[in-house]
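In the text below, chain A, chain B and the rest are named by the order of the sequence lines, each starting its count at 1.
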Number of protein chains: 2
Amino acid sequence: MKRQEASENGRTGAVSIRSVAERAGVSIATVSRVLNTPDKVSQATAERVREAIEDLEYRPNLFAKGLLTKRSRVIGVSLPDIHGEFYSELMCALDDRACALGYHLLVSSNAHRVERGPGNGFALDLVDGMIVMLTERTGVDIEGISKLSHPAVVIGFDEPGLEVETIVVDNQTGARKAIEHLLSGNTPDRCYFVGAHRGNIDSDERLNAFCAALRERGHEPRSDQIARREFSFDWGWEWAEGMIDEGLLEDVAVFAANDEIAIGIANAARDRGVDIPGSLRVVGFDDSRLCSLLRPKLSSVRMPVREIGHAAIEAIIRRIEEPDSAPRHARLATTFVQRESSGLS
Amino acid sequence: MKRQEASENGRTGAVSIRSVAERAGVSIATVSRVLNTPDKVSQATAERVREAIEDLEYRPNLFAKGLLTKRSRVIGVSLPDIHGEFYSELMCALDDRACALGYHLLVSSNAHRVERGPGNGFALDLVDGMIVMLTERTGVDIEGISKLSHPAVVIGFDEPGLEVETIVVDNQTGARKAIEHLLSGNTPDRCYFVGAHRGNIDSDERLNAFCAALRERGHEPRSDQIARREFSFDWGWEWAEGMIDEGLLEDVAVFAANDEIAIGIANAARDRGVDIPGSLRVVGFDDSRLCSLLRPKLSSVRMPVREIGHAAIEAIIRRIEEPDSAPRHARLATTFVQRESSGLS
DNA sequence: CTGAAAGCGCTTACAG
DNA sequence: CTGAAAGCGCTTACAG
């Protein structure tokens with residue numbers, strides 16, 4: 001029935017603002033006002049229009065609306081990756097906040113590159129703003145991002161004088177605490193750093209904290225104390241296997257640049273009979289759910305993932321709604337969380 | 001410079017198809033053709049237009065385009081949740097495939113409900129189609145989904161005669177293998193099922209497989225052999241603690257309805273000194289990455305997550321592009337993966 | 001408070 | 001192969 005009436009109108013059979021107007025006996029302008037500026041419409045009229053809308057199950061065409069308002073209430077999210085606990089949690093936080101504020105998320109892990117050329121059909125042009133997370137120091141194209149037609153918020157990269165809003169994490173503080181903790185039980189020359197490849201922003205910063213702490217104790221880190229490849233379980237595993245093979249993984253402390261690496265190390269150690277934390281003390285980074293799932297439970301440095309997500313959504317919405325406000329630069333704290341894997345309660 | 005020229009035109013300063021046309025000395029229709037049906041344009045003209053497009057960095061307004069074509073190349077994805085290994089992997093698979101096929105993903109875990117009323121500003125109307133994942137038997141509103149203005153694909157729920165395309169998993173087969181494996185080492189009266197609440201489709205199906213297998217061995221499952229609450233680590237933990245307190249967790253086999261529950265159980269057992277798999281054998285479900293990270297490694301039933309994701313994208317695109325084709329109904333297999341936690345190599 | 005009208009930036013028959 | 005024109009479904013000054 002309703003469907004029937006609906007398709008009376010327009011050529012496509014879809015319910016348009018016109019059908020609502022006809023049914024309510026008003027102009028389409030009035031229907032529009034009922035929807036967008038209800039206070040400019042008389043009670044009675046508004047009521048009639050609302051009924052018509054309901055009867056017809058009318059829903060405004062968002063393309064037409066967007067064409068005029070240049071708004072879609074969609075936020076683009078570009079991540080270096082989607083997989084893993086960290087991104088999973090981040091997505092949740094983004095989604096929750098966006099949803100609460102009436103926005104939707106257009107997500108992609110494949111769309112960093114500010115693609116040239118129009119043919120690409122980049123749906124990204126539908127968004128009101130972009131949240132871009134960066135993890136690599138190179139190939140960043142912050143230029144491109146800030147020249148984007150939409151406002152943008154960058155997660156993970158900051159630099160003095162940047163014209164875009166940024167949200168970064170203070171790797172330093174948490175890392176420092178973790179390393180101090182390791183140094184309270186092991187001498188500096190028996191401490192190791194296992195991280196991702198050079199150029200990864202977080203890994204590099206965590207490494208810096210590591211080196212600084214060792215130097216403060218008067219020990220210049222040897223190159224064999226620093227191992228870098230990638231944020232993966234396998235890499236941690238491989239590193240630990242190598243160390244064990246050389247009889248080196250005894251009475252040492254390891255600061256891993258993320259939890260996955262730490263878990264790889266811990267598993268290898270366990271499988272090869274190295275006692276944790278007796279003979280090997282390990283601390284990870286991220287404080288993902290995995291930390292408490294493992295045995296021994298993994299000490300780690302907490303990343304404020306939800307805070308990052310919430311801040312990013314709030315920031316991008318602020319920039320969308322107040323484009324002329326000055327871009328802010330947030331820095332969120334990390335905190336050391338001690339558990340079993342690093343002993344010395 | 002370029003920017004300058006760009007803003008010569010239109011009131012907004014944005015580059016429109018008009019500015020491109022002027023610069024190339026053609027009509028806007030021709031510009032449009034170069035972009036959409038290049039074969040209908042002469043080489044020379046096309047070349048000039050392309051240059052203008054490049055110089056001006058023109059990108060078509062997707063709202064205007066969508067208004068005409070009713071296409072955005074955006075696929076809506078509605079999930080019951082975003083968190084956890086399963087959804088994380090699913091999102092990856094969806095994103096990869098969508099990206100490869102030139103589509104984008106509009107994701108939400110908060111948008112199942114086919115919201116009434118227009119005011120809601122549901123950006124979902126911007127999508128070309130929806131992928132909806134269902135996990136609960138009740139409150140499903142398949143009706144609503146199939147009446148959506150866009151094509152839809154449902155993951156996780158199937159029923160004879162459904163008008164929407166569906167993709168489900170064959171819980172039966174994999175679960176059956178897992179339980180047979182457990183029954184090869186424990187008597188039916190010493191087997192337990194720990195799952196999610198009644199009404200959860202997957203949990204129920206896995207339970208059915210469990211019961212069927214026990215009955216085949218001539219044992220009617222006692223009510224205390226079946227425990228249901230939720231898909232969580234904590235629930236598994238709590239259940240195991242209870243069993244241990246009553247001295248019941250000895251020489252038993254547990255089929256957990258997902259990996260998280262299984263891990264909770266395994267951890268509780270470990271912390272309380274129950275030997276796995278010596279005294280307790282456990283099998284999970286999902287075969288998430290966690291299985292290999294734990295010690296002992298967790299036996300599980302593999303969910304074809306990537307396959308589900310890829311199939312869903314391909315299905316929705318097929319429905320978008322060929323709306324009149326008959327909806328298909330796919331059923332993907334699950335397979336048992338034996339590891340250490342269930343012993344009996 | 002309400003309506004007629006212009007226009008957002010495109011696509012697509014329709015002529016030529 | 002190309003252009004003039006209509007129109008997609010809305011919003012928003014502008015009058016009244």
Side-chain angles (χ1 to χ4, degrees), chain A residues 6-7 9-50 52-53 56 58-73 118-119 121 123 125-126 149, chain B residues 6-7 9-50 52-53 56 58-73 118-119 121 123 125-126 149:
Chain A
S7 47
N9 113 99
R11 36 217 352 109
T12 59
V15 195
S16 79
I17 196 173
R18 181 140 280 117
S19 26
V20 177
E22 278 169 15
R23 186 180 180 100
V26 297
S27 73
I28 61 168
T30 298
V31 176
S32 178
R33 287 193 197 98
V34 171
L35 257 21
N36 300 308
T37 49
D39 26 296
K40 295 190 180 175
V41 182
S42 81
Q43 284 287 322
T45 316
E47 197 43 52
R48 252 185 314 140
V49 172
R50 289 219 183 74
I53 288 175
L56 265 28
Y58 166 67
R59 308 174 68 171
N61 179 314
L62 262 28
F63 291 109
K65 184 165 188 163
L67 183 54
L68 276 296
T69 62
K70 298 175 181 320
R71 287 290 171 74
S72 60
R73 299 194 78 84
D125 285 339
L126 285 171
S149 33
Chain B
S7 46
N9 112 101
R11 36 219 350 112
T12 58
V15 194
S16 79
I17 195 173
R18 181 142 279 118
S19 26
V20 176
E22 278 167 15
R23 184 179 182 100
V26 297
S27 73
I28 61 168
T30 299
V31 176
S32 177
R33 286 192 198 98
V34 171
L35 258 22
N36 301 308
T37 49
D39 26 296
K40 294 190 180 173
V41 182
S42 80
Q43 283 286 324
T45 316
E47 198 43 52
R48 253 185 312 140
V49 171
R50 287 218 184 76
I53 287 176
L56 265 28
Y58 166 66
R59 308 173 68 171
N61 179 313
L62 263 27
F63 291 110
K65 184 164 187 164
L67 183 54
L68 275 296
T69 63
K70 296 174 182 322
R71 286 288 170 76
S72 60
R73 298 194 79 84
D125 285 339
L126 284 171
S149 33

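Remark: B:K40 NZ to B:T30 OG1 distance equals 12.0 Å, nearest 0.5 Å. How far CG of B:N61 is from NZ of A:K70: 6.0 Å, rounded to the nearest 0.5 Å. Atom OG of B:S16 is separated from atom CD of B:E22 by 7.5 Å, given to the nearest 0.5 angstrom. Expressed to the nearest 0.5 Å, how far OG1 of A:T45 lies from CZ of A:R33 amounts to 10.5 Å.
When rounded to the nearest whole Å, the span between CZ of A:F63 and C1' of D:dC8 equals 12 Å. Taking atom CD on B:E22 and atom C1' on D:dG3, their separation rounds to 15 Å, with Å as the unit. Spacing between atom CG of A:L56 and atom P of D:dG9 amounts to 14 Å, rounded to whole angstrom units. Between the CG atom of A:D125 and the C1' atom of C:dC10 there is a distance of 14 Å, given to the nearest Å. Distance CD1 (B:I53) to C1' (C:dC10): 13 Å, rounded to an integer number of Å. Between the C1' atom of D:dC10 and the CZ atom of A:R18 lies a distance of 9 Å, rounded to the nearest Å. As a whole-Å value, the separation of A:L67 CG from C:dC8 C1' is 4 Å. Rounded to whole angstrom, the span from the CD atom of A:Q43 across to the P atom of C:dT2 amounts to 11 Å.
Two residues are said to be in side-chain contact when any heavy atoms from C-beta on lie closer than 4.5 Å; B:L62 and B:S72 fail this criterion. Within the 4.5 Å cutoff, the side chain of A:S27 has no heavy atoms near those of the A:R18 side chain.
Taking every side-chain heavy atom of B:S16 into account, C:dC10 is the closest of D:dA4, D:dC10, C:dC10. For A:V26, the listed nucleotide lying nearest its side chain is C:dG3; candidates were D:dG9, D:dC1, C:dG3.
The backbone N or O of A:G66 sits nowhere less than 3.5 Å from a side-chain atom of A:R71 that would complete a donor-acceptor pair. A donor-acceptor contact shorter than 3.5 Å is absent between the side chain of A:T37 and the backbone of A:D39. The backbone N or O of B:K65 lies less than 3.5 Å from a partner atom in the side chain of B:T69, making a donor-acceptor pair.
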I'd like to compare against my own output: the B/S/- annotation of nucleotides 11-16 of chain D with a strict under-4.0 Å heavy-atom distance to protein.
BBB---

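Annotation: D:dG16 and D:dT12 have their C1' atoms spaced 16 Å apart (nearest Å).
Proximity of A:S27 to the phosphate of C:dG3: a side-chain N or O atom is located under 4.0 Å from OP1 or OP2.
Where pairing requires Watson-Crick or G-U contacts shorter than 3.5 Å, the helical stems of DNA chain C with at least three consecutive pairs are C:1-3 with D:14-16, C:5-12 with D:5-12, C:14-16 with D:1-3.
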